[in-house]
Amino acid sequence: MNVTGTDRIRGGVFTVPPDRLEAATLALAAAITGGTVHLDGFPPAAFPDGLVSVFADAGIQLDPLDGGTAVSTPAGPRPVQMATGPHPGFPTDVQPQLAAFLTQSEGTSRIDERIYTQHDTHLQALATFGAAVNATGSVITVRGRSALTGVGVAGEDIRAVTALVIAALAAEGTSTIRGMYHLRRGYGSLLPKLAVLGAHLTIDQE
């Protein structure tokens with residue numbers, strides 16, 4: 001890319017696009033609990049094509065509604081065979097959350113992590129919940145359906161912590177998740193939004 005400087009910059013108007021990673025995370029949080037959510041101001045077209053395709057394969061339905069998206073899983077979670085990829089492929093930063101969701105599908109899912117091959121820091125903690133997950137090279141295998149149980153776990157990065165929050169929503173009992181400061185770096189108000197949707201959360205400062 002070449003940039004040529006100028007001595008004058010004119011004003012302009014630019015619309016900040018909605019955060020597709022947060023929208024996908026909220027969609028997966030609703031889907032893992034069998035619930036529905038309306039993503040206001042976020043139309044289905046704002047999701048990458050690769051994410052829409054994988055969500056459809058996984059049983060997650062995205063329908064346009066009043067300028068936003070209605071998310072539901074009418075037939076429940078389904079296992080998938082998929083790979084992450086550059087935009088407009090499936091985002092690597094939604095892969096951990098998807099893995100948590102797939103623990104509730106009947107069958108075996110395989111995720112080929114082609115962008116960030118070390119994006120597996122969530123697997124050990126998911127296993128602590130009771131999930132049957134493992135990684136061989138860049139391929140993550142999720143065998144479901146797993147009965148998740150509330151536990152004490154720690155997340156090592158933003159997406160890992162987010163995946164653990166999603167798993168905790170589907171777990172039986174109370175979970176304590178450490179490392180939430182990672183999540184606050186990547187999401188401005190994810191936990192309050194989940195609370196509005198009905199999640200029972202208590203937030204302590206670490």
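Because the structure is a prediction, the values reported are computed rather than measured.
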Asks: Any side-chain heavy atom of L148 within less than 4.5 Å of one from T103?
Replies: yes
Asks: In terms of hydrophobic clusters joined by side-chain contacts under 4.5 Å, are L39 and L191 together?
Replies: yes
Asks: Closest approach of A135 and L123, non-hydrogen atoms and distance?
Replies: CB-CD1, 3.6 Å
Asks: Can you tell me how far CG of D19 sits from CZ of F42, rounded to the nearest 0.5 angstrom?
Replies: 7.5 Å
Asks: Rounded to the nearest 0.5 Å, how far does CD1 of I32 lie from CG of L169?
Replies: 7.0 Å
Asks: Just to verify, what does E113 make a salt bridge (charged side-chain N to carboxylate O under 4.0 Å, His left out) with, not counting sequence neighbours?
Replies: none
Asks: What's the spacing between T69 OG1 and L65 CG if we round to 0.5 Å?
Replies: 8.5 Å
Asks: Less than 3.5 Å apart, any donor N or O on the side chain of Q61 or D63 sitting next to an acceptor on the other?
Replies: yes
Asks: Between G150 and S175, which heavy-atom pair has the shortest distance, and what is it?
Replies: CA-OG, 3.2 Å
Asks: Does any part of the side chain of L21, heavy atoms only, come nearer than 4.5 Å to the side chain of R159, both counted from C-beta?
Replies: yes
Asks: Between E22 and K193, does at least one N-O distance fall below 4.0 Å, as a salt bridge requires?
Replies: yes
Asks: Within the 4.5 Å heavy-atom criterion, are T141 and T108 side-chain neighbours or not?
Replies: yes
Asks: Got H122 and E156 here, is their nearest side-chain heavy-atom distance under 4.5 Å?
Replies: no
Asks: Can you tell me how the ring of H119 sits relative to the ring of Y116, calling it parallel under 30°, perpendicular over 60° and tilted otherwise?
Replies: tilted
Asks: Under a 4.5 Å cut-off applied to non-hydrogen side-chain atoms, are L28 and V94 in contact?
Replies: yes
Asks: Taking all non-hydrogen atoms of both residues into account, name the closest pair between L51 and P91 and its distance.
Replies: CD1-CD, 3.9 Å
Asks: Hydrophobic clustering (ILVMFWY, side-chain heavy atoms < 4.5 Å, transitive) - are I115 and L98 grouped together?
Replies: no
Asks: Cluster question for you: counting only ILVMFWY and a side-chain heavy-atom cut-off of under 4.5 Å, with indirect links fine, are F101 and V139 together?
Replies: no
Asks: Ignoring hydrogens and geometry, is there a side-chain-to-backbone donor-acceptor pair from S105 to L102 under 3.5 Å?
Replies: yes
Asks: Could you check if a side-chain atom of F129 sits within less than 4.5 angstrom of a side-chain atom of S146, using non-hydrogen atoms only?
Replies: no
Asks: Under a 3.5 Å threshold, yes or no: a donor from one side chain and an acceptor from the other, between T25 and Q97?
Replies: yes
Asks: If you round to the nearest 0.5 Å, how far is CG of L190 from CG of L26?
Replies: 5.5 Å
Asks: Output all residues satisfying salt bridge (charged side-chain N to carboxylate O under 4.0 Å, His left out) with D112, sequence neighbours left out; order by chain, then residue number.
Replies: R114
Asks: Supply the atom-to-atom distance Q118 CD to T92 OG1, rounded to the nearest 0.5 angstrom.
Replies: 11.0 Å
Asks: For the residue pair I158 and T162, what are the closest heavy atoms and their distance?
Replies: O-OG1, 2.8 Å
Asks: Do R143 side-chain atoms and E106 backbone N/O form a donor-acceptor pair below 3.5 Å?
Replies: no
Asks: Calculate, to the nearest 0.5 Å, the distance between atoms CZ and CZ belonging to F55 and R78 respectively.
Replies: 13.0 Å
Asks: Is a donor on one side and an acceptor on the other found under 3.5 Å between the side chain of T128 and the backbone of Q124?
Replies: yes
Asks: Could you check whether any side-chain heavy atom of F90 comes within less than 4.5 Å of a side-chain heavy atom of I111, counting everything from C-beta outward?
Replies: no
Asks: Please report the shortest heavy-atom distance between S138 and T117, naming the atom on each side.
Replies: CB-CG2, 4.3 Å
Asks: Considering residues, nucleotides and ligands other than E172, do more than 12 of their heavy atoms fall under 6.0 Å from its CD?
Replies: no
Asks: Taking all heavy atoms of A100 and all of A167, pick out the closest pair and write down the distance.
Replies: CB-N, 4.2 Å
Asks: Determine yes or no for a side-chain-to-main-chain donor-acceptor pair under 3.5 angstrom, with T33 supplying the side chain and A170 the backbone.
Replies: no
Asks: Taking C-beta and beyond as the side chain, do M180 and V161 meet within less than 4.5 Å on heavy atoms?
Replies: yes
